[in-house]
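Structure first, commentary second.
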Amino acid sequence: MKLLVTGGLGFIGSNFIKYWFKKHGKDTIINLDKVTYAADQQNLIGIEKYDYTFVKGDISNSKTAFMLSKNVDAIINFAAESHVDNSILNSSNFVKSNIIGVHNLLEAVRKYGTRFHQVSTDEVYGSLPLNSKLKFNEKSRYNPRNPYSATKAAADHLVNAYFNTYKLPVTISNCSNNYGPNQHPEKLIPKTIINTVKEMPISVYGNGLQIRDWIYVEDHCSALEQIIKRGVYGETYLVSANNEKRNIDVIKSILKELNKSDKLIHFVNDRPGHDVRYAIDARKITKELGWKPKIKFDYGLKLTISHYLKNLDYYSKKAVV
Ligand SMILES: NC(=O)c1ccc[n+]([C@@H]2O[C@H](COP(=O)([O-])OP(=O)(O)OC[C@H]3O[C@@H](n4cnc5c(N)ncnc54)[C@H](O)[C@@H]3O)[C@@H](O)[C@H]2O)c1
């Protein structure tokens with residue numbers, strides 16, 4: 001296959017490119033990435049022997065989106081502004097990349113009939129109560145509660161509308177929180193690892209009791225592989241490893257793993273509109289496509305910590321305190 005991967009210099013996109021080449025070494029990948037602050041060429045070290053081309057460009061530029069979507073078998077769209085805190089400060093780039101960018105890709109798909117997969121998030125469904133057993137599923141109502149998730153929700157609606165109107169070969173996945181190598185140190189787990197090692201304060205929003213449903217990034221990549229190969233057009237698949245954890249407990253696990261004291265933790269004012277709990281029911285993808293996650297949280301966390309320790313100086317320079 002010849003794949004167009006957008007946003008392939010970021011966290012999940014780079015893991016996906018490596019995963020795909022490991023499994024499909026004869027395939028061709030074109031990586032279209034705008035190279036924002038979240039991108040990193042280092043994320044793709046080790047793929048030199050494969051048929052890989054990098055193009056610096058922006059999916060919100062329709063000419064670029066059209067040019068690169070031609071003559072490929074599938075487009076997998078990871079390109080997005082992804083940090084909720086940044087979207088609260090200024091959401092213009094979120095609207096541009098996450099909505100207009102997806103619209104451009106869909107227009108190209110309409111013209112060329114290319115298979116398209118939109119990588120989306122569980123955050124489009126909003127927040128669940130802390131003390132409940134409720135989980136999101138494919139029928140849950142969209143209820144985005146911050147500018148980032150609103151732009152991702154808008155993109156999902158466009159994909160579904162384009163399927164309904166033009167019967168295009170499109171699918172969507174809404175995945176829970178990812179962790180693993182290559183994540184920008186602005187995000188909770190890498191930031192905590194770096195601050196812990198350096199014995200710097202670890203800021204925790206609010207009371208830290210917010211719950212996220214963590215999945216190791218390679219498990220997300222294998223779910224995407226199944227959807228690209230066997231997903232039914234027009235369908236949405238929710239992806240998670242059924243691994244709900246309170247933020248404060250994730251932080252304490254990292255402190256324990258690195259033999260540091262809980263005294264590094266300090267609580268700061270909560271993020272405005274902070275979602276308290278995400279939880280995903282991933283039975284559909286398991287039942288219909290046979291996908292299951294493989295990596296248990298404790299093991300995945302050890303792999304992640306080891307990645308950041310090996311590259312500590314490098315990540316420390318990028319870190320946001
Ligand atoms: N990180 C998570 O836990 C998570 C969970 C579910 C879904 N997602 C979704 O997965 C996708 C990838 O997330 P991530 O965590 O790897 O993000 P990331 O911020 O690490 O990477 C995003 C990449 O997209 C590129 N990019 C941004 N705007 C672009 C544009 N207009 N044109 C081309 N490239 C552009 C950036 O340069 C960067 O390389 C996003 O769509 C995100 O919404 C993320």
Side-chain angles (χ1 to χ4, degrees), residues 4-19 30-44 54-65 68-69 75-87 92-105 117-125 136 144 146-156 159 172-190 212-217 219-221 223-224 236-241 243 250 278 280 282 300 304 318 320:
L4 173 65
V5 170
T6 61
L9 291 183
F11 166 42
I12 308 174
S14 62
N15 277 286
F16 177 82
I17 289 174
K18 285 179 159 174
Y19 175 89
I30 300 166
N31 174 14
L32 169 64
D33 196 298
K34 185 179 165 186
V35 195
T36 69
Y37 76 95
D40 195 336
Q41 295 279 1
Q42 291 252 55
N43 289 345
L44 284 174
F54 172 67
V55 179
K56 183 176 177 185
D58 187 338
I59 58 168
S60 70
N61 176 323
S62 65
K63 232 167 130 185
T64 307
L68 287 155
S69 301
I75 303 168
I76 301 100
N77 181 38
F78 295 90
E81 289 294 336
S82 70
H83 193 34
V84 175
D85 288 346
N86 292 343
S87 80
S92 308
N93 279 337
F94 288 73
V95 171
K96 254 177 91 183
S97 296
N98 303 4
I99 306 178
I100 295 172
V102 172
H103 181 254
N104 287 337
L105 292 172
H117 181 72
Q118 169 68 359
V119 181
S120 189
T121 164
D122 59 353
E123 299 194 28
V124 298
Y125 299 113
F136 298 127
N146 59 60
Y148 161 69
S149 52
T151 59
K152 293 298 288 184
D156 288 5
V159 176
I172 300 174
S173 54
N174 298 88
C175 186
S176 60
N177 281 58
N178 285 224
Y179 68 102
N182 298 357
Q183 189 167 32
H184 192 283
E186 68 188 354
K187 303 278 169 53
L188 179 72
I189 290 185
R212 301 293 180 257
D213 193 348
W214 293 96
I215 181 170
Y216 192 66
V217 62
D219 279 330
H220 184 188
C221 295
L224 293 172
T236 286
Y237 298 91
L238 265 55
V239 180
S240 93
N243 180 49
V250 170
Y278 304 137
I280 288 273
T304 308
K318 299 208 301 185
V320 188

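In what follows, every heavy atom counts, from backbone to side chain, and hydrogens, waters and symmetry copies are set aside. None of the values given here were measured: they were computed from a predicted structure. For ligands, and for the atoms within them, numbers begin at 1 and follow the listed sequence.
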Show which atoms of ligand 1 fall inside a sub-4.0 Å distance from at least one heavy-atom site of [X].
X	answer
Val35	37 (O)
Ser176	5 (C), 6 (C)
Ile59	30 (C), 31 (N), 32 (N), 33 (C)
Thr121	6 (C), 7 (C)
Asp58	30 (C), 31 (N), 32 (N)
Gly57	32 (N), 33 (C)

Check whether any side-chain N or O of [X] sits under 3.5 Å from a backbone N or O of [Y] as a donor-acceptor pair, and report yes or no.
X	Y	answer
Asn31	Gly8	yes
Ser173	Cys175	no
Asn15	Pro181	yes
Asn77	Thr6	no
Ser97	Phe94	no
Lys18	Asn43	yes
Asn98	Glu81	yes
Lys318	Ala38	no
Asn177	Arg212	no
Asn104	Ser60	yes

How many angstroms lie between CG in Leu105 and CD1 in Ile100, if you round to the nearest 0.5 Å?
-> 12.5 Å
Quick check on [X] - does any of its heavy atoms sit under 4.0 Å from an atom of ligand 1?
X	answer
Ser120	yes
Val119	yes
Gly101	no
Gly8	no

Regarding [atom]: of the candidates [options], which has the closest heavy atom?
atom	options	value
atom 27 (C) of ligand 1	Ala38, Ala80, Ser14	Ala80
atom 1 (N) of ligand 1	Leu9, Asn98, Ile12	Ile12
atom 18 (P) of ligand 1	Ser82, Gly180, Ser149	Ser82

Any N or O of [X] that comes nearer than 3.5 Å to an N or O of ligand 1?
X	result
Ala79	no
Thr36	yes
His220	no
Phe11	yes
Asn177	no

Check each heavy atom of [X] against ligand 1 and say whether those closer than 4.0 Å belong to the side chain, the backbone, both or neither.
X	result
Asp40	neither
Lys152	side chain
Tyr148	side chain

Can you tell me which residue and heavy atom of the protein come closest to [atom], and the distance to 0.1 Å?
atom	value
atom 11 (C) of ligand 1	Phe78 O, 3.3 Å
atom 6 (C) of ligand 1	Cys175 O, 3.3 Å
atom 23 (C) of ligand 1	Gly7 O, 3.7 Å
atom 21 (O) of ligand 1	Gly10 CA, 3.3 Å
atom 29 (C) of ligand 1	Lys34 CB, 3.7 Å

Name the orientation class of the two ring planes belonging to Tyr179 and Tyr216 (parallel below 30°, tilted from 30 to 60°, perpendicular beyond 60°).
-> perpendicular
Do Asp213 and Ser176 have side-chain N/O donor and acceptor atoms under 3.5 Å apart?
-> no
Using distance alone, with no hydrogens and no angle criterion, decide if Tyr278 and Glu123 have a side-chain donor and acceptor under 3.5 Å apart.
->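 Side-chain D/A pair, Tyr278 to Glu123: present.
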